[in-house]
Amino acid sequence: MKQLLDRFLLLQPVWLPTLLFIPLLYALGWITAVPLTLLGLPAHQVSLTGTVLSFVLFLLVMPRWAAVRWSASQPWAALGISKKDSVNRPIHAAGLLRGLFIAAGLLTLITSIVLIGGWGRWLGHIDGIHVLNAVLLCLGVGFAEELIFRGWLWTELNRIIGSRGGAVAQAVIFSLVHTRFNLGLAGMGGLLVGLFMLGIILARQRQADQGSLWGCIGLHGGLVAGWFLLLNDWLQLSPQTPSWLVGPGGNAPNPLGGVIGLTCLLTLFLIQRTAVAKADRPATGARNAS
């Protein structure tokens with residue numbers, strides 16, 4: 001099995017394993033999940049179960065991938081989860097909290113504009129089940145997607161097409177994977193731009209954190225969890241609010257595709273430019289930072 005994996009990792013051209021890796025993982029996860037229906041797994045849960053199994057396979061393959069493809073002796077350091085040494089090692093909990101704080105600030109700014117403009121009403125309800133779901137979303141989505149996009153994919157692309165090209169390419173792929181193609185041309189276009197900006201912002205966050213992925217996990221997870229709580233418990237948007245303002249999606253809009261969200265993302269991006277410039281190792285990309 002190890003020899004077969006190594007042969008796959010060393011396929012030429014060099015970008016071929018990168019292109020095939022995630023589709024193969026999804027296929028293997030689905031193939032593994034389907035027989036579980038014979039043991040009682042509901043048919044509607046096959047897709048989710050297959051995704052979880054695919055991510056487990058991803059975690060199992062990463063150490064060998066980092067060793068063979070990146071010549072990294074410490075795979076989780078290369079991915080930004082840990083550091084190579086203890087000298088000036090950032091506390092990962094602090095990075096996570098910093099990312100959560102940035103997400104909270106961004107959502108507060110979006111919410112404030114909505115309320116001041118009269119496009120929504122503050123409810124402030126607290127539901128324990130929703131809070132638990134938000135925590136699981138924050139840690140699950142934030143960790144899994146950042147490990148894949150800003151951890152594995154960005155590092156891989158940096159080594160194939162360089163730091164600048166890798167940052168742009170991972171943001172493009174991130175936006176295409178997450179957009180919704182049933183929103184109409186204007187809604188889809190706005191969401192693609194917003195998701196692309198978020199991908200760039202998350203990449204810059206890793207640069208500012210000198211290769212650590214935990215700030216990205218907190219920022220990404222915090223945005224997902226925070227917006228979930230806002231829509232379900234805290235904020236009631238007016239039905240008359242135009243989608244171009246608060247984002248496409250009808251009753252469950254995605255603010256990244258609206259003017260308010262895009263303006264807030266642009267503000268955060270400009271703030272990050274200063275942070276990256278002041279970092280000890282500025283604009284080096286995931287390849288050098290990790």
Side-chain angles (χ1 to χ4, degrees), residues 8-26 54-55 58 61-62 65-66 68-72 75 77-81 99 141-181 188-217 219-221 223-224 254 256-257 261-262 265-266 268-270 272-273 275-277 279 281-290:
F8 170 75
L9 296 177
L10 296 174
L11 285 175
Q12 294 297 322
V14 69
W15 49 263
L16 190 57
T18 311
L19 181 66
L20 296 177
F21 184 45
I22 296 299
L24 284 175
L25 284 183
Y26 268 108
S54 297
F55 184 65
F58 175 86
V61 170
M62 275 301 99
W65 187 291
V68 175
R69 297 275 293 181
W70 306 339
S71 301
L79 288 161
I81 298 300
V141 174
F143 179 80
E145 293 201 356
E146 287 311 301
L147 186 59
I148 292 172
F149 286 99
R150 258 61 61 181
W152 167 74
L153 180 61
W154 191 22
T155 305
E156 187 71 8
L157 290 173
N158 281 356
R159 293 172 180 271
I160 297 173
I161 60 177
S163 178
R164 291 183 181 275
V168 172
Q170 62 83 26
V172 170
I173 295 171
F174 178 75
S175 65
L176 290 173
V177 168
H178 285 84
T179 197
R180 294 161 59 184
F181 294 96
M188 184 182 67
L191 191 55
L192 279 170
V193 173
L195 288 166
F196 173 80
M197 289 183 63
L198 180 60
I200 293 294
I201 285 170
L202 289 166
R204 281 186 168 268
Q205 185 62 44
R206 187 177 179 189
Q207 287 180 319
D209 291 339
Q210 301 183 40
S212 173
L213 200 62
W214 289 97
C216 302
I217 293 171
L219 175 53
H220 188 169
L223 288 174
V224 173
N254 190 323
L256 299 182
L262 289 171
L265 286 174
L266 179 60
L268 178 57
F269 173 78
L270 294 175
Q272 279 187 325
R273 291 186 63 182
V276 172
R281 296 154 73 182
T284 55
R287 172 174 52 185
N288 296 328
S290 60

Exercise for review: Output the distance between atom OG1 (Thr179) and atom CG (Leu192), rounded to the nearest 0.5 Å.
Suggested key: 4.0 Å
Show me, pair by pair, the donor-acceptor contacts under 3.5 angstrom made by side chains of residues 10-18, not counting sequence neighbours?
from: Gln12; atom 1: OE1; to: Val14; atom 2: N; distance (Å): 3.4
from: Thr18; atom 1: OG1; to: Arg69; atom 2: NH2; distance (Å): 3.1
from: Thr18; atom 1: OG1; to: Glu156; atom 2: OE2; distance (Å): 2.8

Check your understanding: What class does the angle between the rings of Trp65 and Trp152 fall in, given that below 30° is parallel, 30 to 60° is tilted and above 60° is perpendicular?
Key -> perpendicular
Practice item. Taking the side chain as every heavy atom from C-beta outward, state whether Arg204 and Arg273 have any atom pair closer than 4.5 Å. Key: yes
Exercise for review: Give, for atom CG of Leu265 and atom CD1 of Ile200, the distance between the pair rounded to the nearest 0.5 Å.
Suggested key: 12.0 Å
Review point. Is there side-chain contact between Leu79 and Leu213, with heavy atoms separated by less than 4.5 Å?
Key: no
Review point. Do Leu147 and Phe143 touch side chain to side chain, with heavy atoms closer than 4.5 Å?
Key: yes
Exercise for review: Check whether any side-chain heavy atom of Leu219 sits under 4.5 Å from a side-chain heavy atom of Ile201, and report yes or no.
Suggested key: yes
Check your understanding: Any side-chain heavy-atom pair from Met62 and Pro75 closer than 4.5 angstrom?
Key -> no
Contacts table for residues 165-178: side-chain donor-acceptor under 3.5 angstrom, sequence neighbours left out:
from: Gln170; atom 1: OE1; to: Arg150; atom 2: NH1; distance (Å): 2.8
from: Gln170; atom 1: NE2; to: Ala167; atom 2: O; distance (Å): 2.9
from: Gln170; atom 1: NE2; to: Gly199; atom 2: O; distance (Å): 3.1
from: Ser175; atom 1: OG; to: Ala171; atom 2: O; distance (Å): 3.3
from: Ser175; atom 1: OG; to: Val172; atom 2: O; distance (Å): 2.7
from: His178; atom 1: ND1; to: Phe174; atom 2: O; distance (Å): 2.9
from: His178; atom 1: NE2; to: Glu145; atom 2: OE1; distance (Å): 2.7
from: His178; atom 1: NE2; to: Glu145; atom 2: OE2; distance (Å): 3.1

**Study point:** Neighbour count above 12 (heavy atom, 6.0 Å) for Phe8 CZ
**Key:** yes
Revision key, fill the gap. Rounding to 0.5 Å, atoms CD1 (Ile217) and CD (Gln205) come to a distance of 11.5 Å
Check your understanding: So which heavy atom on Ala78 is nearest to which on Arg206, and how close?
Key -> O-NH2, 3.2 Å
**Study point:** Pairwise side-chain contact, Phe149 with Leu202, heavy-atom cut-off 4.5 Å (strictly under)
**Key:** no
Review point. When rounded to the nearest 0.5 angstrom, what distance separates OG in Ser54 from CD1 in Ile22?
Key: 8.5 Å
